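What you see is a predicted model; the values in this text were computed from it and never measured.
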Amino acid sequence: MTLYAATSNPGKLAEFATSASSAGIDVLALPNLKSLPEPVEDAPTFQGNADLKARAYSLTLPNQLVFADDSGLEVSALDGAPGVRSARFADDAGYDLESSRSRDERNNAYLLDLMERHTGRRARFVCTLALARGGEILLRAEGAVEGELLAAPRGQGGFGYDPLFLLPALGVTMAELPREQKWQLSHRGNAFRSLLAQLREAGL
């Protein structure tokens, strides 16, 4: 069986492919994804955005199973922000940082600035997945992982907010975990394992 991932993020794609291979499933990048028009991610929830992406992209590859994800960081002290705007958090706010810095660096810097006003550091990563064929949603899955925010980034691995996200029980950030261990603990890994389990049960 082959699943097509509607993502151009090489980190995500590698994680999905590694996990699926043990179940005898191939995960491939959706062909020509970068040349396809991007759906407007204007849903108020992670699941809503995953659904709209899965529906839109599955129409570009008839009769194939296409899945999309939406994921992000929810910080308790910020009333759940950045939430669905995690990838665009700093840009949405017009945060002024050198243009040479990456989007991840801008987002992390903006988050740290906001957190200077708060003492609570609780946060969670959330990932939702939607699997579709021909514009119809067939399966949905969700995963989460609880943690705390550091006052400065740590670790060279991962992407996004990983260098700030501490797993208290292990004393390491998501960016300090080896890829395989990260996949076993992460929100994305939890969501994808749930999706694969549903896939086996559904016999699609």
Q: Can you pull the salt bridge (charged side-chain N to carboxylate O under 4.0 Å, His left out) pairs that have at least one residue in residues 160-169, sequence neighbours excluded?
A: Asp162-Lys182
Q: Using every non-hydrogen atom in the two residues, find where Arg188 and Phe159 come nearest and quote the distance to one decimal.
A: NH1-CZ, 3.5 Å
Q: Hey, any chance Leu36 and Leu59 share a hydrophobic cluster, counting ILVMFWY side chains that come within less than 4.5 Å of each other, even indirectly?
A: no
Q: Looking only at heavy atoms, which two atoms of Gly72 and Ser86 are closest? And how far apart?
A: CA-OG, 3.3 Å
Q: Minimum heavy-atom separation for Ala191 and Cys127, please, with both atom names.
A: CB-O, 3.7 Å
Q: With clusters defined by side-chain heavy atoms of hydrophobic residues (ILVMFWY) lying less than 4.5 Å apart, directly or transitively, does Leu167 cluster with Val75?
A: yes
Q: Donor-acceptor pair, distance only, cut-off 3.5 Å: does the side chain of Asn32 make one with the backbone of Ser35?
A: no
Q: What is the minimum heavy-atom distance between Ala6 and Leu33, and which atoms define it?
A: C-CD2, 3.9 Å
Q: Check side-chain contact (heavy atoms from CB on, under 4.5 Å) between Ser58 and all other residues, then give those that pass, not counting sequence neighbours.
A: Val66, Ala132
Q: Does a side-chain heavy-atom distance below 4.5 Å link Leu78 with Met115?
A: yes
Q: Is Leu129 reachable from Leu52 through a run of I, L, V, M, F, W or Y residues, each pair having side-chain heavy atoms under 4.5 Å apart?
A: no
Q: Considering all heavy atoms of both residues, which atom of Asp104 and which atom of Gly160 are nearest to each other, and what is their separation?
A: OD2-N, 3.0 Å
Q: Residues two or more places apart in sequence or in another chain: which of them pass ring-ring contact (aromatic ring centres under 6.0 Å, His included) with Tyr4?
A: none
Q: Side chains of Leu111 and Leu73, heavy atoms from C-beta outward: is any pair under 4.5 Å?
A: yes
Q: If you look only at pairs with a residue in residues 56-67, which of them pass as a salt bridge (charged side-chain N to carboxylate O under 4.0 Å, His left out), with sequence neighbours excluded?
A: none
Q: Tell me whether Trp183 shares a hydrophobic cluster with Leu13, the cluster being built from Ile, Leu, Val, Met, Phe, Trp, Tyr side chains joined at under 4.5 Å.
A: yes
Q: What pairs of residues pass the salt bridge (charged side-chain N to carboxylate O under 4.0 Å, His left out) test when at least one of them lies in residues 169-178, not counting sequence neighbours?
A: Arg154-Glu176
Q: Within the 4.5 Å heavy-atom criterion, are Glu142 and Phe46 side-chain neighbours or not?
A: no
Q: To the nearest 0.5 Å, how far apart are CG in Leu164 and CG in Leu112?
A: 5.0 Å
Q: Got a sec, which pairs hit salt bridge (charged side-chain N to carboxylate O under 4.0 Å, His left out) with one end in residues 30-44, sequence neighbours left out?
A: Glu41-Lys53, Glu41-Arg88
Q: Provide the full list of ring pair (Phe, Tyr, Trp, His ring centres under 6.0 Å) pairs with a residue in residues 59-81, sequence neighbours left out, each pair given once.
A: Phe16-Phe67, Phe67-Phe192
Q: Please report the interatomic distance CZ(Arg200) to CD(Gln198), rounded to the nearest 0.5 Å.
A: 10.5 Å
Q: Just to verify, what does Arg140 make a salt bridge (charged side-chain N to carboxylate O under 4.0 Å, His left out) with, not counting sequence neighbours?
A: Asp51
Q: Shortest non-hydrogen contact from Ala56 to Pro39?
A: CB-CG, 3.6 Å
Q: Just by modelled atom types, is the Pro178 backbone N or O under 3.5 Å from a matching donor or acceptor in the Gln181 side chain?
A: no
Q: Output all residues satisfying ring-ring contact (aromatic ring centres under 6.0 Å, His included) with Phe89, sequence neighbours left out; order by chain, then residue number.
A: Tyr110
Q: Checking the side chain of Thr128 only, and the main-chain atoms of Asp70 only, is there a donor and an acceptor separated by less than 3.5 Å?
A: yes
Q: Decide whether Leu30 and Leu28 are clustered together by the hydrophobic rule: side chain heavy atoms of Ile, Leu, Val, Met, Phe, Trp, Tyr closer than 4.5 Å, transitively.
A: yes
Q: To the nearest 0.5 Å, how far apart are OG in Ser186 and CD in Glu15?
A: 5.5 Å
Q: Among residues two or more places apart or on two chains, list those pairs meeting ring pair (Phe, Tyr, Trp, His ring centres under 6.0 Å) that have a residue in residues 112-145.
A: Phe125-Phe165, Phe125-His187
Q: May I ask you to decide if Thr2's main-chain N or O and Asp26's side chain share a donor-acceptor pair within less than 3.5 Å?
A: no
Q: I need the Leu196 CG to Leu131 CG distance, nearest 0.5 Å.
A: 9.5 Å
Q: Atom CZ in Arg103, atom CG in Asn108: separation rounded to 0.5 Å?
A: 13.0 Å
Q: Find out whether Leu185 and Leu170 are in side-chain contact, i.e. whether some heavy atom of one side chain is under 4.5 Å from a heavy atom of the other.
A: yes
Q: Roughly how far, to the nearest 0.5 Å, is CG of Leu166 from CZ of Arg121?
A: 10.5 Å
Q: Go through the structure and list residues passing side-chain contact (heavy atoms from CB on, under 4.5 Å) with Glu146, not counting sequence neighbours.
A: Arg124
Q: Go through the structure and list residues passing side-chain contact (heavy atoms from CB on, under 4.5 Å) with Glu136, not counting sequence neighbours.
A: Leu138
